[in-house]
Amino acid sequence: MKTHPTAQTFGCFDVALRMQWLEAKGDPLSRLDMVIDWAGFRPLLVQALAKPAKGPGGRPAHDPVKMFKLLVVQRYYNLSDEQTEYQVSDRLSFQKFAGWPVADKVPDANTLWDFREALARADVFEKLFESFAQPLQAQGLLAQAGQLVDASFVDVPRQRNSRAENAVIKAGGVPEAWLDQPAKQQQKDVDARWTKKNAEGHYGYKNPVKADAKSKLLERYAVTAASVHDSQQLAELVAAADGEVYADSACRSAEAEAMLAQKQVASHIHERAYRNRPLTDEQKASNRQKSKIRARIEHVFGFMSQSMKGFYLRYIGRRRNAAAIGLINLIYNLARYEQIVRLKLLPRNAV
C-alpha cells in the first residue's frame, strides 16, 4: 500500500528555513533589499509627511521607510490597497521585505491610502526618483554615450461622459450638471484624454522617458495626457550633455532637428516616409542600424508592462497618476540597478 508523508508540526525555525528557500529561488524583493539603501529615502519622506504638532498624545506614526516599502510592493505587483494589506499579511517574502513580521499587524488599506495621498500632495515622487539617480550618475551609469527617448501609454479607468461633457472638459471647464455634485466630481478624471495608435484606443496618460542607451537606466521622465504627441516632450527630456539621442520617427521634425543642433546633440531619430515620398534604401538601412540601439528602450517598457503590470492604473486625476507613474519609473531603476550589480555590469570607473 502506498504511503504519504504526514504533516509536520510547526517548528521554531520553520519560517527562517522557508525564507532561505525563497531567497534561493530568486525572490526579487529580497534581491532589492541586498543592494538598495532604503534609508537614503528617509529625509525626503519625513519632509513630505511633516505636519504641525497637535499636542501630546495620539498613536505613534508608522515608520515612513517601512510604509514606503509597502508602496514598492504595491506598485511592483500592481495591487490595490486592499490586496496589498492582504498579500503582505499572507506572504512571508512581502513581510520580510516591508519589515512587518507575523507578530505585527500590517497597516490597513485606509492607512496605506492616506500615506500615498500625503506623498502625492507633497509631490515627492519625482524628488525620490531624482535622489536615486544621483548615485547612479556618480557611478557612471547615466549620461553615457547616448540616450533613448520614447513614451508609453498608461491607461486609467475609462470615463463614460457625454460628448457635450467631454467638450466642456477639453475646454478646461466643469460640466454644469456636475457643479452641485462634489462626490461625482471626485470620481471624474478631467485630466486624462483619449487617443488612438494603430487603431487601438487609449484613455489616460503617457510616460515619456529618457534612458541611458548602455545601462538602460532612466535619467528623466515626464507625465502628460495620452493625447500629447511624443515630439512635444523631446525638448524637455533632452539635455546638452546627452551626446546622442535615439528616438522613433514620431519625434522627427525640422523643429526637433534644430533643437538638437542647438544643444549640440547628435540626432539618431528615425527617418519617416511621407505620402508620395517613400524611404530610400539608404534611409531604410540607416533606420535598421538605429533600431539596434533604440530597441533597448523596449526592454524598459517590457519590464514595466510584464514584470510590474504597470501600464494600467486605478487612480483618478493627474496628481495621483503622476505619483504612481513616478513610482513605477523609480522601481524600474531600483530593479535594473539590482540587476546591474548582480550581473557585475558596473563600469570600471564606478565609485
Side-chain angles (χ1 to χ4, degrees), residues 32 35-50 64-65 67-72 74-76 115-152 154 205-224 228 232-243 245 263 265 297 300-301 303-304 308 310 313 315 318-341 346-347 350-351:
L32 277 182
V35 300
I36 303 301
D37 176 22
W38 299 102
F41 297 116
R42 183 180 296 278
L44 285 173
L45 295 172
V46 171
Q47 181 181 2
L49 298 169
V65 175
M67 291 295 296
F68 177 66
K69 293 176 81 172
L70 285 181
L71 293 185
V72 172
Q74 180 180 46
R75 277 275 57 83
Y76 200 114
F115 178 77
R116 187 180 59 250
E117 277 289 290
L119 296 186
R121 284 194 300 268
D123 197 21
V124 75
F125 287 99
E126 187 172 0
K127 297 176 183 177
L128 293 170
F129 177 90
E130 292 171 351
S131 73
F132 185 68
Q134 292 174 2
L136 300 180
Q137 185 84 39
Q139 295 182 65
L141 291 169
L142 291 177
Q144 299 186 59
Q147 299 291 319
L148 312 172
V149 175
D150 207 345
S152 63
V154 180
Y205 300 86
K206 267 186 180 177
N207 179 22
V209 301
K210 181 176 72 172
D212 185 89
K214 186 175 181 180
S215 67
K216 295 190 286 189
L217 287 161
L218 301 181
E219 182 177 342
R220 294 189 67 184
Y221 75 92
V223 178
T224 70
V228 175
Q232 295 186 30
Q233 294 302 311
L234 188 64
E236 179 182 342
L237 293 174
V238 174
D242 286 343
V245 166
K263 294 184 177 183
V265 175
I297 194 69
V300 176
F301 294 142
F303 181 87
M304 292 178 179
M308 297 175 62
L313 299 176
Y315 309 120
R318 188 188 186 283
R319 176 174 57 81
R320 291 171 180 166
N321 282 292
I325 291 170
L327 187 54
I328 288 172
N329 293 332
L330 172 59
I331 293 173
Y332 166 79
N333 268 4
L334 297 175
R336 176 58 181 163
Y337 178 71
E338 183 278 322
Q339 186 182 47
I340 289 172
V341 173
L346 288 167
V351 295

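Under the side chain to side chain contact (heavy atoms under 4.5 Å, CB included) rule, L142 has a single partner from E219, Q147, K214, which is E219. Partner of Y332 under the side chain to side chain contact (heavy atoms under 4.5 Å, CB included) criterion, out of L327, V209, L218: L218 alone.
Counting only distance, with no hydrogens or angles, the side chain of K210 and the backbone of V245 share no donor-acceptor pair below 3.5 Å. Judged by distance alone, the side chain of Y221 and the main-chain N or O of N207 form no donor-acceptor pair under 3.5 Å. In terms of modelled atom types and a separation under 3.5 Å, the side chain of N321 and the main chain of Y315 share a donor-acceptor contact. For the pair D212 (side chain) and L217 (backbone), a donor-acceptor distance under 3.5 Å is absent. Judged purely by atom type and a 3.5 angstrom limit, K127 has no side-chain atom pairing as donor or acceptor with the backbone of L44. Side-chain N or O atoms of R116 include none that pairs as donor or acceptor with a backbone N or O of A323 at under 3.5 Å.
Across every non-hydrogen atom of A48 and A122, the tightest pair is CB-CB, 3.6 Å. The minimum heavy-atom distance between R319 and R121, with the atom names listed, is NH1-CG, 3.6 Å. Annotation for K263 and A235: closest pair NZ-O, 2.9 Å, computed over non-hydrogen atoms. The two residues A118 and L49 have their closest heavy-atom pair at CB-CD2, 3.7 Å.
In this structure, the separation between OH on Y76 and CD1 on I331 is 8.5 Å, given to the nearest 0.5 Å. Annotation: the span from L330 atom CG to S131 atom OG amounts to 7.0 Å, rounded to 0.5 Å. Interatomic distance, CD of Q232 versus NZ of K206, reported as 8.5 Å (0.5 Å rounding). Atom CG of L148 sits about 12.0 Å away from atom CG of L237, to the nearest 0.5 Å. Rounding to the nearest 0.5 angstrom, the gap separating the CG atom in L141 from the OH atom in Y337 is 7.0 Å.
Between V72 and F68, the closest side-chain pair of non-hydrogen atoms falls below 4.5 Å. With contacts defined as side-chain heavy-atom distances shorter than 4.5 Å, the pair L313/R75 qualifies. Residues N329 and F125 form no side-chain contact, since every pair of their non-hydrogen atoms from C-beta on lies 4.5 Å or further apart. Annotation: side chain of L334 is not in contact with side chain of V35 (no heavy-atom distance under 4.5 Å). Side-chain atoms of L119 and L71, non-hydrogen and from C-beta on, do get closer than 4.5 Å to each other. Considering only heavy atoms from C-beta on, R336 stays 4.5 Å or farther from F303 through its side chain. Side-chain contact between V154 and V223 is absent, with no heavy-atom pair separated by less than 4.5 Å.
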Verdict with reasoning, W38 to L45, per side-chain contact (heavy atoms from CB on, under 4.5 Å): CA-CA 11 Å; W38 299 102; L45 295 172; over 6 Å; no

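The list of salt bridge (Lys or Arg N to Asp or Glu O under 4.0 Å) pairs with a residue in residues 320-330, not counting sequence neighbours, reads E117-R320.
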